[in-house]
There are 2 protein chains.
Amino acid sequence: MELLKERILKDGVAVSDNILKVDSFLNHQIDGNLMLEVGKEFKKRFENEKITKILTIEASGIAVAIMTALQFDVPMVFAKKKKPSTITGNVLTSKVYSFTKDTYYDICLSKEFLDKNDNVLIVDDFLANGHASLGLADLVKEAGAQLAGIGVVIEKGFQEGRSKILEKGIRLESLAIVESLETNKINLK
Amino acid sequence: MELLKERILKDGVAVSDNILKVDSFLNHQIDGNLMLEVGKEFKKRFENEKITKILTIEASGIAVAIMTALQFDVPMVFAKKKKPSTITGNVLTSKVYSFTKDTYYDICLSKEFLDKNDNVLIVDDFLANGHASLGLADLVKEAGAQLAGIGVVIEKGFQEGRSKILEKGIRLESLAIVESLETNKINLK
């Protein structure tokens, strides 16, 4: 997606060999027009799938997911990072490893919002090691729903997320792939 | 906003005299088309203000904020509930009292994304005791920015949020006001 790639090169900052800072347009301050185009691009890539629900995880996946949901004209639902008191009844849960914090955290989703009749598109702002995406895929499986694929805005191509997702036979669409961040330079595929 | 009121009456659940469950369309599963209309309504109500930024707090404010930002054609920014390692540099911070958890938590926002040239519209999914909204208003003040007002999707009219906000001379626009939830019945103003 050219518009996105241009934006990454213009406003992204390679903080280290590992960390790409895009918080001026993607995950702290967010550009609504760019998110709208991201939603349209996911629609284009998955238009042959009969998607019934967009799934993401709080917090920075939400803007991506709501714009994608709008394009598909289906609801979006976001997994929460722990069980809040307002979720009543049965919940789907999974454990996700946080690489940055070196701990596991729980993610959960009310069973009301995902079931065997759903064909789900998972979307997220970033793909690095794939832990969050695969945790979401676990929720889809637990619900007995179909998983149409995973769409990410920015993939860190030098980390193992892609291979882990493809290993499980899941379709992956990344709108921009960062090949390296060495010497503070952003190299896109 | 009639569309919203109809949806609250159709899909909302009065769990107790205090708790309105709207997680099927507003804060867990989210309806993108409804959020688009919410964004348009905030644009209409604040169209005479020269808004430069939409501010909210993670997580359930994000869908509301990104749709509102799209209508105003300005960026949105969301405050985080603690300082994550990816926020570098100076941050604006405030403390917010959580009524449900009876504890205080920190909210923060990178100084990069709010400054004295901004005229800010704060939006959120819910207004109850007003703690979150007023915490966001503190961040605006700390940044030296102007606050145009606060827009909330659902106000619990029987709690003290409105009076606290108006006391501070801040304009408040609520798209639906719940007058009571007694005997499991949702009464809207």
Side-chain angles (χ1 to χ4, degrees), chain A residues 13 15-16 19-39 53-81 84-89 91 98 100-101 108-110 112-114 126, chain B residues 13 15-16 19-39 53-81 84-89 91 98 100-101 108-110 112-114 126:
Chain A
V13 180
V15 177
S16 71
I19 299 176
L20 174 64
K21 197 165 170 272
V22 285
D23 62 357
S24 66
F25 62 94
L26 184 60
N27 48 22
H28 187 16
Q29 178 167 268
I30 310 180
D31 180 331
N33 290 301
L34 182 65
M35 288 307 103
L36 182 64
E37 296 307 317
V38 160
K53 203 147 286 187
I54 310 298
L55 172 66
T56 192
I57 186 164
E58 62 177 347
S60 43
I62 294 175
V64 177
I66 195 77
M67 287 300 183
T68 306
L70 191 68
Q71 298 307 318
F72 281 93
D73 196 18
V74 299
M76 77 83 124
V77 62
F78 68 92
K80 304 191 179 191
K81 283 181 179 166
S85 59
T86 47
I87 295 185
T88 55
V91 292
S98 166
T100 43
K101 290 171 190 166
C108 69
L109 186 70
S110 172
E112 281 177 71
F113 305 130
L114 212 57
F126 257 99
Chain B
V13 180
V15 177
S16 71
I19 299 176
L20 175 63
K21 198 165 170 273
V22 285
D23 62 357
S24 65
F25 62 95
L26 185 60
N27 48 22
H28 188 16
Q29 177 167 267
I30 310 180
D31 181 331
N33 289 301
L34 182 66
M35 288 308 103
L36 181 65
E37 296 306 317
V38 160
K53 203 148 285 187
I54 309 299
L55 173 65
T56 193
I57 186 165
E58 63 176 346
S60 43
I62 294 175
V64 177
I66 195 76
M67 288 300 184
T68 306
L70 190 69
Q71 298 306 317
F72 280 94
D73 197 17
V74 300
M76 77 82 123
V77 61
F78 69 91
K80 303 192 178 191
K81 283 181 179 165
S85 59
T86 47
I87 295 186
T88 55
V91 293
S98 167
T100 41
K101 289 170 190 167
C108 69
L109 186 69
S110 172
E112 282 177 70
F113 306 129
L114 212 57
F126 257 99

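Chain naming here is simple, since letters A, B, ... match the order of the sequence lines and numbering starts at 1 in each.
Below 4.5 Å, heavy atoms of chain B meet heavy atoms from A:Ile66, A:Met67, A:Leu70, all part of residues 64-71 of chain A.
Heavy atoms closer than 4.5 Å to chain A are found in the side chain of B:Leu36, but not in its backbone. Only the side chain of B:Met35 comes within contact range of chain A, with at least one heavy atom under 4.5 Å from a heavy atom of that chain.
Residues passing the ring-ring contact (aromatic ring centres under 6.0 Å, His included) test with A:Phe113 are B:His28, sequence neighbours excluded. Residues satisfying the side-chain hydrogen bond (donor to acceptor under 3.5 Å, both in side chains) criterion with A:Ser60, sequence neighbours excluded, are A:Asp125.
Within the structure, salt bridge (Lys or Arg N to Asp or Glu O under 4.0 Å) contacts touching residues 24-38 of chain B (residues at least two apart or in different chains) are B:Arg7-B:Asp31, B:Glu37-B:Lys40.
Most heavy-atom pairs under 4.5 Å with chain A, from the set B:Val77, B:Leu114, B:Leu34: that is B:Val77.
In this structure, the separation between CD1 on A:Ile30 and CD1 on B:Ile54 is 12.5 Å, given to the nearest 0.5 Å.
With contacts defined as side-chain heavy-atom distances shorter than 4.5 Å, the pair A:Glu112/B:Gln29 does not qualify.
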